[in-house]
Number of protein chains: 2
Amino acid sequence: MSKCEQCIVRQFNSLKHLSKDELVRMSACKTSKIIKKGEPLFVEGEHINGVFCIKDGICKVSKMSENGKNQIVNLVHRGDLIGERSLISDEVSNLNAVALNDLEICFIPKTEIIKDLEKNPNFTMDVLKTMANSLKNADNLIVDMAQKTVKQRLAEALLNLEEKFGTTNEGALDIQLSREDIANIIGTATESAIRLLSNLKKKEIIVFKGKDIKIINHNELEKISHGF
Amino acid sequence: MSKCEQCIVRQFNSLKHLSKDELVRMSACKTSKIIKKGEPLFVEGEHINGVFCIKDGICKVSKMSENGKNQIVNLVHRGDLIGERSLISDEVSNLNAVALNDLEICFIPKTEIIKDLEKNPNFTMDVLKTMANSLKNADNLIVDMAQKTVKQRLAEALLNLEEKFGTTNEGALDIQLSREDIANIIGTATESAIRLLSNLKKKEIIVFKGKDIKIINHNELEKISHGF
DNA sequence: CGGTATCTTGATTGGTATCAACTTAAGTGG
DNA sequence: CCACTTAAGTTGATACCAATCAAGATACCG
C-alpha cells in the first residue's frame with residue numbers, strides 16, 4: 001500500500017500541513033478503496049467517522065429533496081477532501097456521495113485525524129479556510145438558485161465545469177455527465193435541461209462530441225449566464 | 001463601556017471558550033455601536049477585518065444577484081457572531097448585513113482575536129463547529145431553493161422563523177418583516193409573496209395582527225411545506 | 001439481436017414574474 | 001388636527017417560463 005508521506009495528492013488539500021510524523025501515523029491506519037462508477041461512497045444518514053481523500057476520479061455530492069429529486073450540491077475530484085464535517089460533529093451525513101467515474105480514495109478514520117485537528121494549528125486553520133470557502137460558494141449558489149432562470153444557471157454551470165475540470169485535447173469539458181446529472185446540478189427537470197442544451201447547440205454556442213460537450217462561444221455563454 | 005467578561009451574550013457563541021485573560025484583552029480593544037433600523041452593518045465589497053457580536057436586535061444578511069434582486073441568506077440575532085470568515089481570509093465580504101431593527105453590537109478587531117484563534121484550540125474548534133453547521137444549513141437551503149415551489153418555501157420559512165425567533169405574548173412571530181423581506185427570504189417577487197400570504201390567511205392558516213404574523217394552523221403549514 | 005437506458009421533441013398545464021391600478025398606512029409640515 | 005406626500009401593501013390581467021406527460025429516436029449491453 002502506498003504511503004501518505006509520498007502521496008502527491010496530499011499537496012492539494014489541508015493534509016499538506018501535517019508533519020512527517022503525523023503522516024506516517026496516518027498512513028498506518030488509512031485504508032484505500034476503489035469505488036466503481038455509479039457506486040456510493042457514502043449515503044445520507046450514514047455515520048462517516050473520517051475523511052476521504054480523493055486520489056483519482058470525480059464524485060458527485062448530492063442531497064435528496066422531499067419530492068424525491070436529487071440535487072447535486074458539489075462535484076469533488078482529485079486532491080479534494082470530503083467528509084471533513086464528520087470530524088467536527090457526531091451527526092450523520094446529510095449528503096450522498098456517488099462516484100461519477102471509477103474512484104480511487106483513501107479513508108482516514110476520525111479517531112486518528114482528530115488528534116491532529118486538536119494539536120496542529122496549521123492543519124486546523126486550513127480546514128477552517130476550506131470550510132469558509134465552501135460557505136462562500138454555498139451562499140453564491142443559494143442566490144443563483146433563488147434568482148436566476150434555469151437558462152442562466154445552465155450557462156453558468158457549463159462555464160464553471162470548464163473552469164473546474166478543464167478541457168480535453170479536443171477542447172471538450174473534461175467531465176462526463178449524463179443529462180440527468182446536468183439537470184440535477186442546475187436544479188431542473190431532465191427534459192428542461194435537454195431542451196436548453198439543444199438550444200445552445202442550435203445557436204452554435206456549444207457542440208456535442210460524442211458524449212462530450214464542447215463550449216465554442218464562451219462570450220455568448222457568459223452573456224446568457226448574466227441574463228441577456 | 002461594559003466588559004466582555006461580564007457580558008451574558010457571550011455565552012451563546014464561540015467566545016464562551018475564551019479565558020478570563022483573553023476576554024479582558026478583548027474587552028480593551030472592542031468597540032460598541034448602535035446601528036439604526038435599516039442601516040447597514042457592512043456591505044458587499046467591504047473589508048470587515050473583525051467579528052461582530054450581536055448584543056441585541058436582528059440583522060439580515062443578504063446578497064445582491066446580478067439582476068438587482070436582494071436575496072436574504074441568513075437572519076442573525078442576539079448572541080450570534082457575524083463576520084467570522086474575515087478572520088480566516090483576507091477577501092472582502094461577499095455579503096451585506098442590514099439592521100432589521102435597532103441593533104446593538106460589539107466589534108472585535110481581527111488583529112486581536114486572531115491570536116486566540118491560533119492559540120486557543122477550544123475556541124477554534126467551536127468556530128469550526130459553527131461554520132460546519134452553517135454549511136449544512138446552506139446545503140439544505142440550496143436544495144430547497146432548487147427543488148421546492150415558492151409556496152412550499154414560504155410555508156417552510158414561516159415555520160423556521162417561528163422556531164428561530166419564537167412568538168410574542170399574543171402568539172405572533174417575534175420578528176417584524178416587510179413583505180419585501182419575506183419575498184427576499186424565499187426568493188420570489190414581492191407580489192408573489194403577498195399573494196401567497198393572502199391565500200394562507202384566507203385558508204385561516206395564518207392571521208395578521210397589525211404588522212405581525214401569527215401562525216394558527218401549524219399542521220397545515222407543515223403539510224404545505226412538504227408539498228401537499 | 002432484442003431489450004433497456006438514455007436522449008430527444010412536441011403538446012399541454014400550471015406556476016411565477018411582470019405590469020398596472022388602486023388601497024391603506026405612515027410620516028411630515030403647516 | 002388636517003392636508004399632503006410618500007411608502008407599503010393589495011389585487012387583477014397578462015405573458016412567459018418550466019414541469020409534466022407522452023411518444024418516438026438513438027445509443028448501449030448482454
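A, B, ... follow the sequence lines: proteins, then strands. Residue 1 opens every chain. Because only heavy atoms are used, hydrogens play no part in the values below, and waters and symmetry mates are left out as well, while side chains stay in.
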- Query: For the helix from C:dC1-D:dG30 to C:dG30-D:dC1, what is the angle between the axes at its two ends, each from 5 pairs, rounded to 10°?
  - Reply: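 Terminal axis comparison yields 40°.
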- Item | Whether over 12 other heavy atoms sit under 6.0 Å from B:Lys201 NZ |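 Open.
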- Message: Within the supplied structure, the quantity of interest is the number of heavy atoms (other residues, nucleotides, ligands) at a distance under 6.0 Å from B:Lys129 NZ; does it exceed 12?
- Response: no
- Message: Under the rule for side chain to side chain contact (heavy atoms under 4.5 Å, CB included), what residues qualify as partners of B:Val92, not counting sequence neighbours?
- Response: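 Applying side chain to side chain contact (heavy atoms under 4.5 Å, CB included) to B:Val92 gives B:His47.
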- Rounded to whole Å, the CD-P distance (A:Gln147 to C:dT16) equals 14 Å
- Query: How long is the line joining NZ of B:Lys37 and C1' of D:dA7, in whole Å?
  - Reply: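 Those two atoms, NZ and C1', are 12 Å apart.
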Check whether the side chains of [X] and [Y] place a donor and an acceptor atom closer than 3.5 Å, and report yes or no.
{"X": "B:Asp212", "Y": "B:Gln176", "result": "yes"}
{"X": "A:Asp181", "Y": "A:Ser178", "result": "yes"}
{"X": "B:His226", "Y": "B:Glu156", "result": "no"}

- Message: Once rounded to the nearest 0.5 Å, what's the spacing between atom CG of A:Leu221 and atom CD1 of A:Ile206?
- Response: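 Interatomic distance, A:Leu221 CG to A:Ile206 CD1, rounded to 0.5 Å: 7.5 Å.
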- Quick one: pull up NZ in B:Lys63 and CG in A:Asp139 and give me the separation to the nearest 0.5 Å. 8.0 Å
- Query: Is B:Leu161 close to B:Leu75 at the side-chain level, that is, under 4.5 Å between some pair of heavy atoms?
  - Reply: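 Counting from C-beta outward, B:Leu75 and B:Leu161 do come under 4.5 Å.
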- Item | cation_pi(B:Arg85, B:Phe42) dist<6.0 Å, angle<=45 | no
- Task: Take B:Asp90 and B:Lys110 through the salt bridge (charged side-chain N to carboxylate O under 4.0 Å, His left out) test and state the conclusion after the steps.
- Result: CA-CA 10 Å; B:Asp90 288 325; B:Lys110 175 174 175 174; 2.6 Å; yes
- Query: Counting only non-hydrogen atoms, which of residues 198-208 of chain B are less than 4.0 Å from DNA chain D?
  - Reply: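 B:Ser198 - these, ordered by number, are the residues of the stretch whose heavy atoms sit under 4.0 Å from the strand.
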- Query: Contacts to DNA chain C from residues 174-183 of chain B, heavy-atom cutoff under 4.0 Å, which residues?
  - Reply: none
- Task: Answer yes when A:Lys136 and B:Glu91 have at least one side-chain N-carboxylate O distance shorter than 4.0 Å, and no when they do not.
- Result: yes
- Message: So, using salt bridge (Lys or Arg N to Asp or Glu O under 4.0 Å) as the criterion, who are the partners of B:Glu66 when residues are at least two apart?
- Response: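 Once residues adjacent in sequence are excluded, the partners of B:Glu66 under the salt bridge (Lys or Arg N to Asp or Glu O under 4.0 Å) criterion are A:Lys148.
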Polar-atom pairs under 3.5 Å, protein N or O versus N or O of nucleotides 18-28 of chain D: list them with distances, or write none.
unit_1, atom_1, unit_2, atom_2, d
D:dA18, OP1, A:Val150, N, 2.7
D:dA19, OP1, A:Thr188, OG1, 3.1
D:dA19, OP2, A:Thr188, OG1, 2.4
D:dA19, OP2, A:Ser192, OG, 2.6
D:dT20, OP2, A:Lys69, NZ, 3.3
D:dT20, O4, A:Arg195, NH2, 3.4
D:dC21, N4, A:Glu191, OE2, 3.4

